[in-house]
Amino acid sequence: MRRLIVIAGHYGSGKTELAVSLAMELAAQKDRPYPRLAVVDLDVANPYFRSRERTALLEEHGVRVYGDVYHSTGAAAELPALTAALRAPLEDEGCQTIVDLGGNDAGARVLRQFGKYFEGDDHELWAVVNFRRYETLTLQTAREHVESIQSELRLPVYGLVNNTHLLRETTPEILLEGYEKARALSEEMGVPLLFTCYPAGIIDPGDLGGIAPLRPLGLYMRPAYLDK
Amino acid sequence: MTTDKVLMKGNEAFAEAAIRGGARLYFGYPITPQSEVPEYMSRELPKHGGCFVQAESELGAINMAYGAGAAGGTVFISSSSPGVALMQEGMSFLCSAEVPLLAMNVSRGGPGIGGIQPAQADYFQVTRGGGNGDYRIPVFAPASIQEAVDLLYEGTDLAQYWRNPVMVLADGMIGQMMEPVKLPEFKPVLSPSEIAGRRDWACTGFDDRGGDQNRRVVKSLRMQPEKLEEHVEKLFKKYAQMETELSRYETENLKGADVVFVAFGTTARICREACEILAAQGIKAGLIRPISLWPFPEKAFDEIDFGATKAVISAELSMGQMISDVKLALNGRLPVFLAHRTGGMVPTSPEVAARAKAVLEGLK
């Protein structure tokens, strides 16, 4: 995994859950290639469910979170503005940085102003796809979404992430159906499928027919009462 | 039966449900936490032969809706709390002129411009109305995206049937969260002559009416008090019928309940988890979930197990507004308490459970 991981995708494809889960996973690793770890929340399109809402949890595990413009206003400020401080982890060569973008091409656009940090080859742009999202149900619509993000960012997609799910109603069949589509999309676009996510505690990875690699996602962003 | 479900964000699903329900006209102005609705409509409505207009303000939007509805259009509008406040004058006009409209409030914290996090402090606004005069608007409060989809889909027909605005009130959480939903089929879209025939009051113009030369007038002005009184009496006969036909609710575990929560929308879901927490502590808690806020489902309160229940708790994301209706419905039969957060703060289920426990302790 390269130093800068940029997570992009359709609204609600699961970027933020992936960013928080990945940060928690990396934070738990003993031998990390980079001593420091950060999450940069660049979502200025969405007012709720942003990774900055989990600042307390992440910082408790040693992950710095950059996202709030004015630290005093809490996570709820709705400002299309970014703190200059978030350049620090992008510049710090000892900091593995997960960049959580806003949804679609419109949400991803924000990254453009930081283009100079993505000229080298120490970054990976991940495109998250959920084939159960209404607007990315087919190969064609999913491809259009990925390509629009790619052209907005003027960065090539490094790899696809299959995050096909229906929250707590996810079944192994749904996930495997998404996996087949993700593989086809990967072949069509000539971009590798990096891994498949599954909701931990809902899906038993043993039921996934041996597909690999897999990455468990914790439902860190979702309040428990939503599933009552 | 998850195979035909898709994952949608609340706001996207609301917009899609309105389109599938037959809405082809949308007028609005972006406001958090519902801006995805106009965004979705601007992109999707033209694909269905519909028309999206970004109004100069919510005041403009409601009056565009008034005009388009009066001309026989199937209209959907949406906004959030302060934006819906701006629409109140128009709501009164639409009710008086009996113009159908499907409207949605994805509510946030107030008063004033307030904040952008979820709230239910528009209960009085939507059930009592900020417009002038004697009028009523049916209001439905979904607790899930699926329920919102179903209510909006039905709402286009309800608005036409009753010739009245119909409001769906969802708090910001339901607008912003994601859930699996099953989308209903597209309703057939009426041709101009079908509209002129079925909506036989609408100002469609003579061309689509097959020779009918009668003038149609849609108005809210009645200068003679006798005529105005007669008109309002007629409206209230309709509202009385709505009260019997549109009252909707769900109850859970009322039998033997020590305490009963009354909650709608997101808060009802928090109360469900609070009931489980209380059950684990040996306290039986039930839930009344009003789905219609006006008409308020008073009948639900007759289902309370009065031999067992000691208190009723109105759980709200406000300083306590629905609690007035809860007290009216109970009419002194049980003491009523409030569990609440406001301003965009959402209580946790342990907080709500602790409040219920404290209420029961206090009554001993």
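In the text below, chain A, chain B and the rest are named by the order of the sequence lines, each starting its count at 1.
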Please identify, among [options], the residue contributing the most non-hydrogen atom pairs under 4.5 Å to chain A.
options                                : answer
B:Glu36, B:Lys9, B:Met173              : B:Met173
B:Cys271, B:Ala143, B:Gly175, B:Pro180 : B:Pro180
B:Gly344, B:Gly115, B:Ser349, B:Gly172 : B:Gly172
B:Arg272, B:Glu179, B:Glu12            : B:Glu12
B:Pro33, B:Pro118, B:Ser144            : B:Pro118

Which portion of [X] sits near chain B, non-hydrogen atoms under 4.5 angstrom:
X        : result
A:Glu173 : neither
A:Arg222 : side chain
A:Asn130 : side chain

Could you grab the distance from atom [atom1] of [X] to atom [atom2] of [Y], nearest 0.5 Å is fine?
X        : Y        : atom1 : atom2 : value
A:Tyr48  : B:Ile116 : OH    : CD1   : 6.5 Å
A:Glu135 : B:Glu16  : CD    : CD    : 8.5 Å
B:Met8   : A:Tyr134 : CE    : OH    : 6.0 Å
A:Phe131 : B:Leu7   : CZ    : CG    : 14.0 Å

Kindly determine whether A:Phe49 and B:Met177 satisfy side chain to side chain contact (heavy atoms under 4.5 Å, CB included), including the steps that lead there.
-> CA-CA 8 Å; A:Phe49 300 111; B:Met177 71 178 181; 3.8 Å; yes
Tell me, for B:Leu183 versus chain A, whether the close heavy atoms (under 4.5 Å) come from the side chain, the backbone, both or neither.
->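 Contact with chain A: side chain only.
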B:Val346, part contacting chain A, at a heavy-atom distance under 4.5 Å = side chain
